[in-house]
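The sequence lines fix the lettering, A, B, ..., with proteins before strands; numbering per chain opens at 1.
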There are 2 protein chains.
Amino acid sequence: MDRFVSTFTNKIDAKGRVSIPAPFRAVLERDGYPGGLYCYPSLDAAALDAGGERLAKKIDGLLSGLPDYSDERDELSVALYGDVQVLSIDGDGRIVLPENLRVRANLDAAVTFVGLGDKFQMWEPKAFEERRKEARSKVQVTRKLFAAGGRSSDDDGNEGARE
Amino acid sequence: MDRFVSTFTNKIDAKGRVSIPAPFRAVLERDGYPGGLYCYPSLDAAALDAGGERLAKKIDGLLSGLPDYSDERDELSVALYGDVQVLSIDGDGRIVLPENLRVRANLDAAVTFVGLGDKFQMWEPKAFEERRKEARSKVQVTRKLFAAGGRSSDDDGNEGARE
DNA sequence: CGGGCACATATGGGATCGCATGGGATTTAA
DNA sequence: TTAAATCCCATGCGATCCCATATGTGCCCG
């Protein structure tokens, strides 16, 4: 198994360190990057995205699909490369979250790690709780639609989406 | 890893010296250029571009794509090579930014180093902050193009605030 | 079936190392 | 000789490493 799954919540200590959940660590190791991971602010939420070598390749691929010296590429380069940080994992499986990243996700005392397959996200625990509640209620609705066997399109709330 | 990633801000001291971020230095060393780097004003921004051997090759490649003796090539040659300087790195990992380069990017007290993969840029910190904000908002739009795969996200714009 | 032992993980704190930065000394060029 | 560039060393802060402790979980043995 080599995917990030399920969620964990760990504390940030006085030095700004956080333990990476052991299962995630195992995935990272298998992903080819010994001792480090890539991390950047999520584009569409107050959270951080992180992953290993595979994720980095994915980003590279995204960029290399655009011609050199094009505007789109410049923008994306700045937004992605500029915000990406390589966080090294210490001997105890911890990383240090730099100030600029912590601010982006309102992280202070603890971090909730959310597995998303190829990558995982880091949320402020309460913020994630909100997100999750929202997601659940939507799933309820979706299930009813399936159960009913028909689509009574009264209101397709176009909001949230769960990964 | 052998790419320039993430951003760092260092000070210019009284003698005009700046420390190159250690991670960037490591990339340069691996790039085959011991003790120096190529630097020139960005073509489309008030910043400086810099890199090692690989960047130099890339510029060569760019030029060789244009026919010899064409106007474009001449202009580009002048624009690129004409302003290129080889900056030597001293024993402590610092470079001295010559006056003519400094004015091109309005550098005075500090420099923000921005990793862009094959090369990196040097910005006046406040100017880069502007640039980055712009890039982020544009990416919000561009991102939807990539999202074709399946994430029908809403975009709870609860971002802003902070910094 | 229950108690306790061993292992793994998370967390905290102290010690060490590297990097950025500043200042002085020494060399080089005009 | 003067000014400027280069080299060398000192220092402070932050990052990294290492070890100790706590908490919990599964397993083995009684």
Side-chain angles (χ1 to χ4, degrees), chain A residues 1 4-30 33-39 50 84-103 107-115 120 122-125 128, chain B residues 1 4-30 33-37 39 50 85-103 107-115 120 122-125 128:
Chain A
M1 180 55 117
F4 299 105
V5 290
S6 90
T7 76
F8 307 84
T9 298
N10 288 337
K11 289 188 201 167
I12 299 180
D13 71 12
K15 296 181 184 173
R17 296 177 299 184
V18 208
S19 284
I20 297 182
F24 286 13
R25 239 176 338 196
V27 175
L28 285 172
E29 275 161 21
R30 225 164 293 152
Y33 203 114
L37 57 82
Y38 297 88
C39 182
V84 171
Q85 306 245 340
V86 179
L87 305 181
S88 56
I89 303 177
D90 71 16
D92 301 329
R94 288 183 281 197
I95 54 173
V96 181
L97 288 171
E99 182 65 15
N100 61 328
L101 285 180
R102 245 182 307 159
V103 165
L107 299 174
D108 48 5
V111 180
T112 296
F113 295 79
V114 184
F120 62 89
M122 297 157 85
W123 288 76
E124 196 288 317
F128 177 67
Chain B
M1 188 45 137
F4 299 105
V5 179
S6 93
T7 76
F8 307 86
T9 297
N10 288 338
K11 288 186 200 167
I12 300 180
D13 71 11
K15 298 179 186 174
R17 297 176 298 184
V18 210
S19 283
I20 297 182
F24 285 14
R25 240 170 1 208
V27 175
L28 286 172
E29 276 161 20
R30 223 166 295 151
Y33 205 111
L37 56 80
C39 182
Q85 307 231 348
V86 178
L87 305 180
S88 58
I89 302 176
D90 71 16
D92 299 331
R94 288 184 280 198
I95 53 173
V96 179
L97 288 170
E99 184 63 16
N100 63 327
L101 285 180
R102 242 183 309 158
V103 295
L107 299 174
D108 48 4
V111 180
T112 296
F113 295 79
V114 184
F120 62 89
M122 297 156 84
W123 288 76
E124 196 287 317
F128 177 67

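In terms of position along DNA chain C, the nucleotide closest to A/I12 lies nearer the 5' end than the nucleotide closest to the other residue of the pair B/P21 and A/I12.
Residue-level contact check: A/I95 touches neither bases nor backbone, having no heavy atom under 4.0 Å from any strand.
Using a 4.5 Å heavy-atom cutoff, the side chains of B/I20 and B/F8 are not in contact.
Under 4.0 angstrom from either OP1 or OP2 of C/dA10 there lies at least one side-chain N or O belonging to A/R25.
Below 30°, between 30° and 60°, or above 60°: for A/F113 and A/F24 the angle between ring planes is above 60°, a perpendicular geometry.
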* To do: Please lay out, stage by stage, how B/M122 and B/L101 fare under the test side chain to side chain contact (heavy atoms under 4.5 Å, CB included).
  => CA-CA 10 Å; B/M122 297 156 84; B/L101 285 180; over 6 Å; no
Protein and nucleotides 15-17 of chain D: nitrogen or oxygen contacts under 3.5 angstrom:
| residue | atom | partner | partner atom | Å |
| --- | --- | --- | --- | --- |
| D/dT16 | OP1 | A/S88 | OG | 3.4 |
| D/dC17 | N4 | A/R17 | NH1 | 3.3 |

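The interatomic distance linking A/F8 (CZ) with C/dA8 (C1') rounds to 14 Å, in whole Å. At whole-Å resolution of the value, CD1 in B/I20 and P in C/dT21 are 12 Å apart. Distance B/K11 NZ to C/dG23 C1': 15 Å, rounded to the nearest Å. Summarising the geometry, the separation between CG on A/N10 and P on D/dG24 is reported as 14 Å, rounded to the nearest angstrom.
Taking each heavy atom of A/L28 and A/I89 in turn, the nearest pair found is CD1-CD1, 4.0 Å.
At a cut-off of 3.5 angstrom, counting only N and O atoms as typed in the model, there is a donor on one side and an acceptor on the other between the side-chain of A/D92 and the base of D/dC19.
Closest to the side chain of B/D13, from the set C/dG22, C/dT9, C/dA20, is C/dG22. Relative to the side chain of A/S19, the nucleotides C/dT21, D/dC18, C/dA10 differ in distance, and C/dA10 lies closest.
Listed for the A/D90 side chain is a donor-acceptor partner under 3.5 Å among the backbone atoms of A/D92. A donor-acceptor contact shorter than 3.5 Å links the side chain of A/N10 to the backbone of A/S19.
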